[in-house]
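Let me begin by presenting the structure, written as C-alpha cells, before commenting on it.
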Amino acid sequence: QVQLEESGGGLVQAGGSLRLSCIAAGGTFSGLVMGWSRQAPGKEREFVAAVSRAGDSTLYGDSVKGRVTISRDNTKNMVYLQMNSLKPEDTATYYCAVSVLGSLSKRLFEYAYWGQGTQVTVSS
C-alpha cells in the first residue's frame with residue numbers, strides 16, 4: 001500500500017515561509033492525485049491544496065489561496081507545499097494524502113493513506 005512521510009515543518013514568525021515535503025512509497029506515484037490538509041487544535045481537519053498527476057492543475061482552499069503553492073516531482077516521488085506570508089492561523093499539523101477518486105477535490109473523505117503529519121507553528 002502507499003505510504004507517505006511528511007517533513008519540513010517547524011516554528012516560524014508571522015510573515016515567514018516554509019516548504020513542506022512529502023515522499024511516497026508504493027503504487028505508481030505519477031498516477032496519483034496528491035493533496036495536503038491540516039488540522040489545528042480544537043478544529044476540524046481542513047483542505048489545503050491538491051495537485052494533478054502531471055502537476056499541471058492545482059486546487060487550493062480559500063484560507064490559503066494566494067499564499068501557498070503545491071507542486072510535485074514525479075521523478076523523485078515527492079510532493080511539496082510552499083507556504084509564504086504565514087499567519088498564526090496557519091498553525092496546524094499538515095498531512096499529505098492520496099486522492100482515492102483520482103481527481104482534484106476539497107472533500108477530505110476522498111483522500112486516503114494519510115501520513116503522520118508535520119507540525120507548523122506560526123508565532124505572532
Side-chain angles (χ1 to χ4, degrees):
Q1 58 182 346
V2 178
Q3 294 184 334
L4 307 173
E5 183 175 354
E6 302 94 336
S7 63
L11 176 64
V12 63
Q13 294 277 352
S17 299
L18 284 174
R19 190 194 194 199
L20 308 184
S21 299
C22 172
I23 186 167
T28 302
F29 184 73
S30 62
L32 303 176
V33 172
M34 303 295 298
W36 286 93
S37 69
R38 67 185 184 183
Q39 187 166 29
K43 294 186 177 181
E44 297 289 328
R45 186 170 293 196
E46 177 186 28
F47 173 80
V48 175
V51 62
S52 63
R53 295 176 176 87
D56 56 351
S57 296
T58 57
L59 180 67
Y60 296 99
D62 292 340
S63 63
V64 299
K65 187 176 179 62
R67 300 188 297 116
V68 308
T69 302
I70 187 171
S71 62
R72 66 192 297 161
D73 186 342
N74 289 342
T75 69
K76 298 180 179 180
N77 285 12
M78 297 192 73
V79 60
Y80 308 97
L81 187 71
Q82 177 68 46
M83 304 192 295
N84 302 319
S85 301
L86 285 166
K87 306 174 181 179
E89 305 93 272
D90 295 319
T91 295
T93 302
Y94 285 71
Y95 300 89
C96 181
V98 177
S99 171
V100 174
L101 299 181
S103 60
L104 299 180
S105 175
K106 295 182 179 180
R107 299 166 180 162
L108 294 182
F109 63 80
E110 295 185 10
Y111 294 84
Y113 305 107
W114 300 98
Q116 84 290 339
T118 185
Q119 178 66 40
V120 172
T121 302
V122 184
S123 64
S124 58

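Note: hydrogens, waters and symmetry copies are ignored here, and every other heavy atom, side chains too, is used.
- Residue Leu104 comes nearest to Ser57 through the heavy atom pair CD1-CB, 3.8 Å, listed as atom of the first residue, atom of the second, then distance.
- Rounding to the nearest 0.5 Å gives a distance of 12.0 Å between CZ of Phe29 and CZ of Arg53.
- Criterion: ILVMFWY side-chain heavy atoms under 4.5 Å apart, direct or through other members. Under it, Trp114 and Val48 are not part of a common hydrophobic cluster.
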query: Are Val51 and Ser71 close enough, and set up right, to give a side chain to side chain contact (heavy atoms under 4.5 Å, CB included), and what steps lead you there?
result: CA-CA 7 Å; Val51 62; Ser71 62; over 6 Å; no
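- Under the side-chain hydrogen bond (donor to acceptor under 3.5 Å, both in side chains) criterion, the residue pairs touching residues 31-46 are Arg38-Glu46, Arg38-Ser63, Arg38-Asp90, Arg38-Tyr94, Glu46-Ser63, with sequence neighbours excluded.
- Inter-residue side-chain proximity for Thr93 and Gln116 is flagged as unmet; no heavy-atom pair is nearer than 4.5 Å.
- Considering CE of Met34 and OG of Ser99, their distance stands at 9.5 Å, rounded to 0.5 Å.
- Residue Ile70 holds its CD1 atom at 11.5 Å from CE of Met83, rounded to the nearest 0.5 Å.
- Residue Cys22 forms a side-chain contact (heavy atoms from CB on, under 4.5 Å) with just one option from Leu4, Leu81, Asn77, and that option is Leu4.
- Counting only residues at least two apart or on different chains, the side-chain hydrogen bond (donor to acceptor under 3.5 Å, both in side chains) pairs with a member in residues 14-26 are Ser17-Asn84.
- Put simply, the residue from Thr121, Val120, Thr118 that forms a side-chain contact (heavy atoms from CB on, under 4.5 Å) with Leu18 is Val120.
- By the 30° and 60° cut-offs, the orientation of the rings of Phe47 relative to Tyr111 is tilted.
- Under a hydrophobic clustering in which Ile, Leu, Val, Met, Phe, Trp and Tyr are joined whenever their side-chain heavy atoms come within less than 4.5 Å, directly or via other members, Tyr95 and Leu59 fall into the same cluster.
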- request: Determine, step by step, whether Glu110 and Ser105 satisfy the side chain to side chain donor-acceptor pair (under 3.5 Å) criterion, reporting the C-alpha distance in whole Å, the side-chain angles of both residues, the deciding distance to 0.1 Å, and the verdict.
  value: CA-CA 7 Å; Glu110 295 185 10; Ser105 175; 3.0 Å; yes
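- Cluster membership for Tyr80 and Val64, using ILVMFWY side-chain heavy atoms within less than 4.5 angstrom, is not shared.
- Separating the CD atom in Gln13 from the OG atom in Ser124 is a distance of 8.0 Å, to the nearest 0.5 Å.
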field: Residue pair Val2, Leu32: steps toward the side chain to side chain contact (heavy atoms under 4.5 Å, CB included) verdict
entry: CA-CA 10 Å; Val2 178; Leu32 303 176; 4.3 Å; yes
- prompt: Would Val122 and Glu89 satisfy side chain to side chain contact (heavy atoms under 4.5 Å, CB included), going step by step from the backbone distance to the final call?
  reply: CA-CA 8 Å; Val122 184; Glu89 305 93 272; over 6 Å; no
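- The pair Arg72-Asp56 fails the salt-bridge criterion, with no side-chain N (NZ, NE, NH1 or NH2) lying under 4.0 Å from an Asp/Glu carboxylate O.
- Looking at Val100 and Tyr113, their side chains never come closer than 4.5 Å, going by heavy atoms from C-beta outward.
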